[in-house]
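A, B, ... follow the sequence lines: proteins, then strands. Residue 1 opens every chain.
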There are 4 protein chains.
Amino acid sequence: MTADPKTRLRADARRNRDHILAAAREMFAAQGLDIPMEEIARAAGVGVGTLYRRFPDRDSLILAVAQEAFTQVIDDARAAAAEEPTGWAALERLIGRSRGLQVSFQLAWSSARARDILLADPNTGRLRDALMAELARIVAAAQAEGTMRPDVGAGDIAVLLVLLLRQPPVGRGPMRFGLDRAVAIMLDGLRASSTNPLPGDPISDADLPFDGEHAAAMSRLRSSRDR
Amino acid sequence: MTADPKTRLRADARRNRDHILAAAREMFAAQGLDIPMEEIARAAGVGVGTLYRRFPDRDSLILAVAQEAFTQVIDDARAAAAEEPTGWAALERLIGRSRGLQVSFQLAWSSARARDILLADPNTGRLRDALMAELARIVAAAQAEGTMRPDVGAGDIAVLLVLLLRQPPVGRGPMRFGLDRAVAIMLDGLRASSTNPLPGDPISDADLPFDGEHAAAMSRLRSSRDR
Amino acid sequence: MTADPKTRLRADARRNRDHILAAAREMFAAQGLDIPMEEIARAAGVGVGTLYRRFPDRDSLILAVAQEAFTQVIDDARAAAAEEPTGWAALERLIGRSRGLQVSFQLAWSSARARDILLADPNTGRLRDALMAELARIVAAAQAEGTMRPDVGAGDIAVLLVLLLRQPPVGRGPMRFGLDRAVAIMLDGLRASSTNPLPGDPISDADLPFDGEHAAAMSRLRSSRDR
Amino acid sequence: MTADPKTRLRADARRNRDHILAAAREMFAAQGLDIPMEEIARAAGVGVGTLYRRFPDRDSLILAVAQEAFTQVIDDARAAAAEEPTGWAALERLIGRSRGLQVSFQLAWSSARARDILLADPNTGRLRDALMAELARIVAAAQAEGTMRPDVGAGDIAVLLVLLLRQPPVGRGPMRFGLDRAVAIMLDGLRASSTNPLPGDPISDADLPFDGEHAAAMSRLRSSRDR
DNA sequence: GATGAATGAGCGTTCATTCAT
DNA sequence: TATGAATGAACGCTCATTCAT
C-alpha cells in the first residue's frame with residue numbers, strides 16, 4: 001500500500017549485488033579465480049564501477065562467494081538433519097547432495113589464496129562452528145541408532161565432505177558416475193558393520209578443519225600483499 | 001682427451017632443464033601456477049631466456065611438471081604391485097602413499113587450466129593407460145584373494161585416488177591426521193565384508209578418468225587463447 | 001507568517017554553496033587539488049550531485065576557491081591602506097600579513113593547471129586591477145613620505161607578494177621564523193636608504209603580473225582538455 | 001682497443017636512464033607531477049616497461065629528478081664560491097643564477113607530495129648539508145669582506161633561495177624581469193649598509209630548512225599509501 | 001647457447017560525471 | 001531539488017615473450 005522509496009532503492013542495489021555474486025560464482029567456477037573483473041561485471045550486466053562499489057577488491061568478492069557457498073552447505077546439513085527420519089539418512093543425503101553444492105563450494109578451496117582469504121575473515125570461524133555443530137548432531141543420531149560405527153566423529157565426516165567438495169565440478173560424464181560410487185564406498189566404510197580399527201581417536205567437532213589457521217592466513221595474505 | 005663439445009653441451013642443457021623443472025615444481029606448489037616466469041628462472045639459477053629456450057611458453061612448463069608428477073604415481077603403483085605380497089597390501093600402500101605424492105601431483109589438477117593443458121596433450125592418454133593397467137592388476141589380485149569386494153573396478157580406485165591426490169598439501173596439522181583416517185574409512189568400504197550394493201556397475205579401466213576429454217580440453221584451450 | 005519558499009530555498013542553496021567552498025578550500029590545502037570530488041562533498045555534508053549542481057566541474061570549483069582567496073588579499077590590502085597611519089606601515093602590514101593569507105592563496109598558485117584556470121577566467125583581470133590599484137596607492141604614499149625608495153613601483157611589490165604567497169603553508173618550525181626574517185630583509189631592500197640602482201625601470205601597476213596571459217592560459221586549458 | 005661488452009651494455013642502459021630522467025624533468029615541469037607515466041616513456045623514446053625497470057614507481061622517478069636538481073644547485077653554489085673573486089660576487093651570482101635552476105628545481109618543491117618524497121629519502125640530508133656548507137662559506141667570506149650585513153646566516157640565504165626556486169618557471173615576460181628586480185631588492189636588503197635590526201638571531205646552517213622533517217615526511221607518505 | 005634489457009598488451013582500480021529515483 | 005548509484009574512460013603497474021648482445 002505504501003511504496004517506500006528507500007526500500008525500492010535498496011531492492012535495486014540488492015538485485016545488482018545478487019547478479020554480481022551469481023556471475024562471480026559461475027565465472028570463478030568456469031574460468032578460475034583470476035578471471036578479469038571486467039568479465040564478471042559484464043556477465044552480471046553492470047559496469048566495473050558498480051562491481052567495485054559493492055566489493056572493493058577482488059579478495060572481498062572471492063570472500064563473499066566463498067562464504068555464500070559455505071552457508072549453503074550449512075543450510076543443507078541443517079535441512080538434512082531436520083527432515084530425514086534417521087541420522088543415517090541425513091548423513092546419506094548430506095554426503096550425496098554434497099556434489100550438488102560442489103559447483104559453488106569448490107572455488108572456495110580451489111587455491112591456497114582463496115583459502116587464505118576465507119580463513120583470514122573472522123566470520124569464517126562462526127560458519128565453521130555452525131557446520132560442525134550440525135555434523136555433530138547427525139553423527140550422534142546415527143551412532144545412537146546403531147547405524148554408524150562408533151569410532152568416528154563429526155570431524156571425520158567433515159574431512160570426507162571436504163574431499164568431495166574440493167573436486168572440480170563434473171558434468172554428466174563417467175566421472176560423475178564414479179563419484180556416486182565413491183560416495184557409496186565411503187558410506188560403507190562408515191557403517192556400524194565396519195569393524196577394522198581406524199588410526200587414532202575420532203576427530204571431534206573441535207579439531208577440524210581450520211583451527212589456529214586464522215592468524216597464519218592473515219599473515220600470509222599480508223606478506224603476499226607486500227611482495 | 002677431447003671432450004666432445006656437443007656432448008658437454010647436452011649435459012649442461014640437461015642440467016639446466018632439470019634445474020628448471022625442479023624449481024618450477026617447487027614454485028608452483030608454493031606460490032601457485034601464476035608465479036612469474038622470471039622468478040622460476042631465478043630459482044633455477046638461469047636467465048629467463050634459457051627458460052624460454054627449454055619451454056617455449058608457460059603451458060609447456062606446466063605440462064612437463066604435471067606429466068612428471070603423473071609418472072611418479074604410475075611408478076609408485078608399479079612398485080607397490082611388484083613389491084607387496086598381496087593385492088590388498090599393494091592397494092593399502094598405494095592409497096596410503098598417495099598423500100606423499102600429493103605435493104607434486106595436486107598442482108597438475110589444481111586449476112581447470114592446468115587440467116586442460118594436461119588433457120590436451122596426446123601423451124597424457126598413454127600415461128593414463130599405464131596407470132589404469134597397473135590399478136587393474138592390483139584390483140584383480142585383491143579380488144582373487146577375496147580381500148576386496150568384487151563389485152568395484154580399477155576405475156573406482158582411480159576415482160578414490162584422484163579424490164585424495166587433488167587435495168592441497170597438508171603439513172602436520174589435524175587435517176593430515178584426518179586424511180589418514182579418511183583413507184582407512186575408504187579402505188574399509190572397499191573390503192570384501194562390505195556387502196551393501198553400489199550404484200551401477202564397476203568402473204573398468206576403460207571408463208575413467210578422462211576419456212573423451214582430450215578434444216574438449218583442446219577446444220577450451222584454443223578458445224581461451226583467442227579470447 | 002508564510003515563509004516564501006523561494007527565499008527559503010535560496011538560503012539553503014547559499015548555505016550549501018558556502019559549505020562546499022569552505023570544504024574545498026580546506027581539502028585542497030590539506031590534500032592537494034586532486035582530492036576526489038566525493039570527499040569534498042562528504043566534507044561539505046552534501047551529496048556529489050549537489051556539488052555538481054553548484055559547480056559544474058572541478059575547474060569551476062578551483063576557480064571559485066582561488067578567486068575567493070584573491071579577493072581576501074585585495075581586502076587585506078585595502079584595509080591596510082585605510083587603517084595604517086603611513087604608507088610604509090601599510091606596506092609592512094601587507095607583506096607581513098601576507099603569510100597569513102598564504103594558506104588559502106597558495107593553492108590557487110600551487111599548480112600550473114590551477115594558474116591556467118584562474119588566468120583563463122575574464123573576472124581575474126578585474127581582481128588583478130583592483131589589487132594593483134591598492135598597491136599603487138600604498139607605494140605612492142610611502143614614496144611621498146620618503147620612506148620607500150623611489151625607483152620601485154606597485155608591480156615590484158606585487159612580485160614580492162607573489163614570492164611569499166606562493167610558498168606552501170608553514171607551521172611553527174624554523175621555516176616560519178626564516179620567512180619572518182626574509183620579509184624583513186626584503187623590506188630593508190625597499191627602504192629609501194637603499195641606493196644601489198635596480199635593473200630597468202620601476203614596474204608599474206600596468207605591467208604585472210598576468211598581462212597577456214589570459215589567451216595563453218585559455219589555449220593551454222583547451223589543449224589539455226582535448227588531449 | 002678492447003671493446004668491453006659489459007661496458008657497452010651499461011652505456012645503453014645509462015643512456016636510457018638519462019633519456020628518461022631528462023624527459024621526466026621536462027614533462028614534470030611542463031605538465032605537473034601527475035603526467036601519465038606512459039607519456040614520459042614516450043617522450044624518452046622507451047616503453048613503459050623500461051621506465052618501470054629503472055624506476056619502480058612514480059615516486060622513485062620524482063625522487064631521482066628532484067635530487068638531480070638539488071645536486072645542480074649545490075654544484076652551482078660550489079662553482080660560484082670557487083670562481084668568483086669575492087663572497088659578495090659569489091652571492092650575487094648564486095642568487096641571480098638561481099632562476100636558471102628554477103626550471104628543474106621548482107618541481108621538487110611544487111607539491112607537498114614531492115616534498116615528502118624528497119624528505120623521506122635519507123640521502124636528502126647529505127645533499128642539504130653539502131648545500132648549507134657551501135652557503136656558510138660564501139656568507140662568511142662576504143661578511144669578512146664587510147659587504148654583507150653581519151646579522152644574517154647561511155640559513156637566511158637558504159630561505160631566500162627557496163623563495164626564488166619555488167616559483168614556477170617564467171619565460172621572457174614581465175614576470176621574468178620583475179624577478180630580476182626582486183632579486184636586486186633582496187640583495188640590497190642583505191648589504192652591510194642595511195642597519196635596521198632583523199627579528200631574532202641569524203639562522204645558522206644547522207637550523208634550516210628541513211631538520212627533523214625526515215620522520216614526519218616518512219609517516220605522511222606511509223599514511224597516504226594506506227589511504 | 002645464455003643472458004637480461006626492452007617491449008607493450010592487459011588487468012586492477014579509481015574517480016569525474018551523469019542520471020534515475 | 002538533493003541524493004548517491006551507475007558508468008566507463010584512464011592510468012598505474014606487471015609480466016609473458018622477444019631479441020640484441
Problem set entry | Stepwise side-chain contact (heavy atoms from CB on, under 4.5 Å) test for B/Leu21 and B/Phe55 | CA-CA 10 Å; B/Leu21 269 181; B/Phe55 302 94; 4.0 Å; yes
Identify each atom pair where a protein N or O and an N or O of nucleotides 16-18 of chain E are less than 3.5 Å apart, giving names and distance.
from: E/dA16; atom 1: OP1; to: C/Arg58; atom 2: NH2; distance (Å): 2.6
from: E/dA16; atom 1: OP2; to: C/Met37; atom 2: N; distance (Å): 2.7
from: E/dT17; atom 1: OP2; to: C/Tyr52; atom 2: OH; distance (Å): 3.2
from: E/dT17; atom 1: OP2; to: C/Arg58; atom 2: N; distance (Å): 3.4

Problem set entry | CD on D/Gln31 to CD on D/Glu39, rounded to 0.5 Å | 6.5 Å
Exercise. Between atom CD in B/Gln31 and atom C1' in F/dC15, what is the gap in whole Å?
Worked result: 15 Å
Seminar exercise, completed: side chain to side chain donor-acceptor pair (under 3.5 Å) filter on A/Asp116, not counting sequence neighbours, yields A/Arg220
Exercise. Starting at CD1 of C/Ile20 and ending at P of F/dT3, how long is that distance when rounded to a whole Å?
Worked result: 9 Å
For this session: Salt-bridge test for B/Arg15 and B/Asp12: reply yes if a basic N is under 4.0 Å from a carboxylate O, no otherwise.
Result: yes
Seminar exercise, completed: Sequence neighbours excluded, the answer for side chain to side chain contact (heavy atoms under 4.5 Å, CB included) partners of D/Asp34 is C/Asp34
Exercise. Between atom CD1 of C/Ile117 and atom CG of C/Leu33, what is the distance when rounded to the nearest 0.5 Å?
Worked result: 7.5 Å
For this session: Figure out the CD/P separation between B/Glu39 and F/dC15, and round it to whole Å.
Result: 8 Å
Exercise. Pick the nucleotide of DNA chain E nearest each of D/Val46 and B/Val46; which residue has the one closer to the 5' end?
Worked result: B/Val46
Exercise. Is the shortest side-chain N/O distance from A/Asn16 to OP1 or OP2 of F/dA6 below 4.0 Å?
Worked result: yes
Problem set entry | Between C1' of F/dA16 and CG of B/Leu33, the distance in whole Å | 15 Å
Problem set entry | A/Arg53 side-chain proximity, nearest of F/dA2, E/dG1, F/dG4 | F/dG4
Exercise. Stems in DNA chain E: runs of 3 or more consecutive Watson-Crick or G-U pairs, distances under 3.5 Å?
Worked result: E:2-21 with F:2-21
Exercise. Within this structure, what is the CD1-to-C1' distance between B/Ile40 and E/dG4, rounded to whole angstrom?
Worked result: 17 Å
Exercise. Looking only at side-chain N and O atoms, does C/Thr50 come under 4.0 Å of OP1 or OP2 in F/dT3?
Worked result: yes
For this session: Please round to the nearest 0.5 Å and tell me the distance separating atom CE of C/Met27 and atom CD1 of C/Ile40.
Result: 6.5 Å
Exercise. How would you label the contact of A/Arg54 with the nucleic acid (heavy atoms, under 4.0 Å): base, sugar-phosphate, or nothing?
Worked result: sugar-phosphate
Problem set entry | Length of the CG-C1' vector between A/Leu51 and F/dA5, whole Å | 14 Å
Exercise. In whole angstrom, what separates B/Arg15's CZ from E/dA2's P?
Worked result: 12 Å
For this session: List for me each residue that meets side chain to side chain donor-acceptor pair (under 3.5 Å) alongside D/Asn16, sequence neighbours excluded, and say none if there are none.
Result: none
Exercise. Could you give the CZ-to-C1' distance, from B/Arg17 to E/dG1, as a whole number of Å?
Worked result: 17 Å
For this session: Return the set of residues passing side chain to side chain donor-acceptor pair (under 3.5 Å) with A/Glu68 (not counting sequence neighbours), or none when no residue passes.
Result: A/Arg25
